[in-house]
2 protein chains.
Amino acid sequence: MSPRKLDPETRAALVDIAARRLAEHGVEALSTRKITAEAGTSTMAVYTHFGSMSGLVREMVHEGFARLERQFAKVRRTDDPVADMAVLGYAYRRNAKANSHLYAVMFGGQSLAGFSLTDEDRQYGRYTLLTVVDCATRCIEAGRFRRDDPILIAHEMWIATHGLVNLELGGYLIDPVNADRCYDTILESLLVGVGDEPRSVSASMATSKKRRRREVEADPEQAEAVASRR
Amino acid sequence: MSPRKLDPETRAALVDIAARRLAEHGVEALSTRKITAEAGTSTMAVYTHFGSMSGLVREMVHEGFARLERQFAKVRRTDDPVADMAVLGYAYRRNAKANSHLYAVMFGGQSLAGFSLTDEDRQYGRYTLLTVVDCATRCIEAGRFRRDDPILIAHEMWIATHGLVNLELGGYLIDPVNADRCYDTILESLLVGVGDEPRSVSASMATSKKRRRREVEADPEQAEAVASRR
DNA sequence: ATTGTTTCTGTGACATTGTTATGCCATGGG
DNA sequence: CCCATGGCATAACAATGTCACAGAAACAAT
């Protein structure tokens, strides 16, 4: 009748510390002892709050999905939906690079500390991409894309962007065929392939590049991702 | 002046056992003790033959590259180079799914047992894709693709196929937007995007589907990948 | 055939990992 | 004020990669 409540502060601190360690020093910096030592608690804190190391990783993954969604929310919906799509892709790519290790777990199929995604987690991840589906719908209604299932078109964009990001993080896209060039090229090809005019594509791509700085690069979350909470 | 030679048989046995364990039971089945116990030696065998666990993984990765290259070599070079390209993509995808854990290390940026690719390893991986570059060149010379850098076009194909495979292995491509549908869709979009006529694309895709069975699915290597060596 | 040198290989140990059984004690309702 | 509930620290367990240390086996020279 009189339990001792879990301290939400230490819970948040553990997630923050783990995320920062993962981002800064990679997977080998993730161990119960290292994390809890930095938090000033014992290893048991991980188990009372998350059940296991996997539970902590799951928490970070959900945080990662939420962050991606907030990134997407900052991209405006203009009367040039194709440019919107390009900006969304850039936001996706930038977010992935800012949290590369977490991204590998979220979308790259990488298991971390024995954790791998459940169907529920993947549902969460797919939900994030509804923004892209919506954007594809607007592209179709604007007459830029051929009339087709917007979900399918959104998947095309997702697959291409994910493939690029993943190979980029793997160190496979190097000069002179670097990631930036590949990204522009495949995006243009794909946009033409789904029905847009080559000339319109070029114009929208140019517009998107101007919008990047304001809508995704000037992002306080990038700092938050690295900095400690307090 | 009288050293004792390394036994190449145990070396090969270790690689085979490790590859089979990885394919059948995943990453947690890879430990020096488990592998060497199955090989009937002590854990030291790993260190004398490969220096460390990472060395053994590197060996498996190189074996994986070689296998992919042999897969590619079985795809014919016909007078419909676009169909050739589609068959190559299918071979790539099939190989990745038959050795999913190894593929994740080869191209997915996944580190395994502390191993991660060196620049030299990646060079090896990129070399494998020269087959795709050659095919892109033939597509251009046949007037099917616009005149552009064939290396860049090959990268577009690679990125799309890799993105699809990686999301598929991650369990993200589910009905009704499943991997097969996504693969056909993005490949068609991309082929149109790099300059081919939509009608020609459809024809070549149909041709490639007929060729799949003979040129990539009837492959004794798929069995070899799982079965033990003897 | 014997010897000697070289190097593989088995044994055992060390540090580190995730996880948990076992208590202590802080907390908050009665 | 009391006391039970459950978070937390301590310490242990099994399993991991790795290596120091012999011992033995293999090869070259005599």
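Throughout, protein chains are lettered first and strands after them, A, B, ... in sequence-line order, and every chain is numbered starting at 1.
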Subject >> Qualifying residues under side-chain hydrogen bond (donor to acceptor under 3.5 Å, both in side chains), relative to B:Glu59, sequence neighbours excluded >> reply: B:Arg11
Subject >> side-chain hydrogen bond (donor to acceptor under 3.5 Å, both in side chains) involving B:Glu38 - partner list, sequence neighbours excluded >> reply: B:Arg20, B:Arg21
Subject >> side-chain N/O A:His49 vs D:dC8 OP1/OP2, d < 4.0 Å >> reply: yes
**OP:** Would you classify A:Ile35 as touching base, sugar-phosphate or nothing, given that sugar-phosphate means primed atoms plus P, OP1 and OP2, and contacts are heavy atoms under 4.0 Å?
**Re:** nothing
Original post:
Can you check the A:Phe115 CZ to C:dG18 C1' distance for me, whole Å?
Top reply: 17 Å
Original post:
What residues, two or more places apart in sequence or in another chain, satisfy salt bridge (charged side-chain N to carboxylate O under 4.0 Å, His left out) together with A:Asp134?
Top reply: A:Arg77, A:Arg138
**OP:** Check DNA chain D against residues 50-58 of chain B and give the residues with a non-hydrogen atom under 4.0 Å, in numerical order.
**Re:** B:Ser52, B:Met53
**OP:** Could I get the full list of salt bridge (charged side-chain N to carboxylate O under 4.0 Å, His left out) partners for B:Arg76, not counting sequence neighbours?
**Re:** B:Glu215
Original post:
So what does B:Ser31 hit on the nucleic acid, given a heavy-atom distance under 4.0 Å: a base, only sugar-phosphate, or nothing?
Top reply: sugar-phosphate
Subject >> A:Thr48 side chain, from C-beta outward: closest of C:dT19, D:dT16, D:dG7 >> reply: D:dG7
Original post:
Atom NZ of B:Lys34 to atom C1' of D:dA14: distance rounded to whole Å?
Top reply: 12 Å
Subject >> Pairs involving residues 13-47 of chain B, ordered by first then second residue, that meet ring-ring contact (aromatic ring centres under 6.0 Å, His included) (sequence neighbours left out) >> reply: none
Subject >> Geometric cation-pi criterion, B:Arg93 with B:Tyr183: 6.0 Å, 45° >> reply: yes
Original post:
In whole angstroms, how far is the C1' atom of D:dA20 from the OH atom of B:Tyr47?
Top reply: 13 Å
Subject >> Whole-Å distance separating the CG atom of B:Leu14 from the P atom of C:dC8 >> reply: 14 Å
Original post:
A:Tyr172: what forms a side-chain hydrogen bond (donor to acceptor under 3.5 Å, both in side chains) with it, not counting sequence neighbours?
Top reply: none
**OP:** Measure the distance from CG on A:Leu30 to P on C:dT19 and round it to the nearest whole Å.
**Re:** 13 Å
Atom pairs under 3.5 Å, N or O on each side, protein against nucleotides 10-14 of chain C: can you list them with distances?
{"unit_1": "C:dG10", "atom_1": "OP2", "unit_2": "B:Ser42", "atom_2": "N", "d": "2.6"}
{"unit_1": "C:dG10", "atom_1": "OP2", "unit_2": "B:Ser42", "atom_2": "OG", "d": "3.0"}
{"unit_1": "C:dA13", "atom_1": "N6", "unit_2": "B:Arg33", "atom_2": "NH2", "d": "3.4"}

Original post:
Taking all non-hydrogen atoms of both residues, which atom of B:Ser116 and which atom of B:Ser111 are closest, and how far apart?
Top reply: CB-CB, 4.3 Å
Original post:
Sequence neighbours excluded, which residues qualify as side-chain hydrogen bond (donor to acceptor under 3.5 Å, both in side chains) partners of A:Asp184?
Top reply: A:Lys209
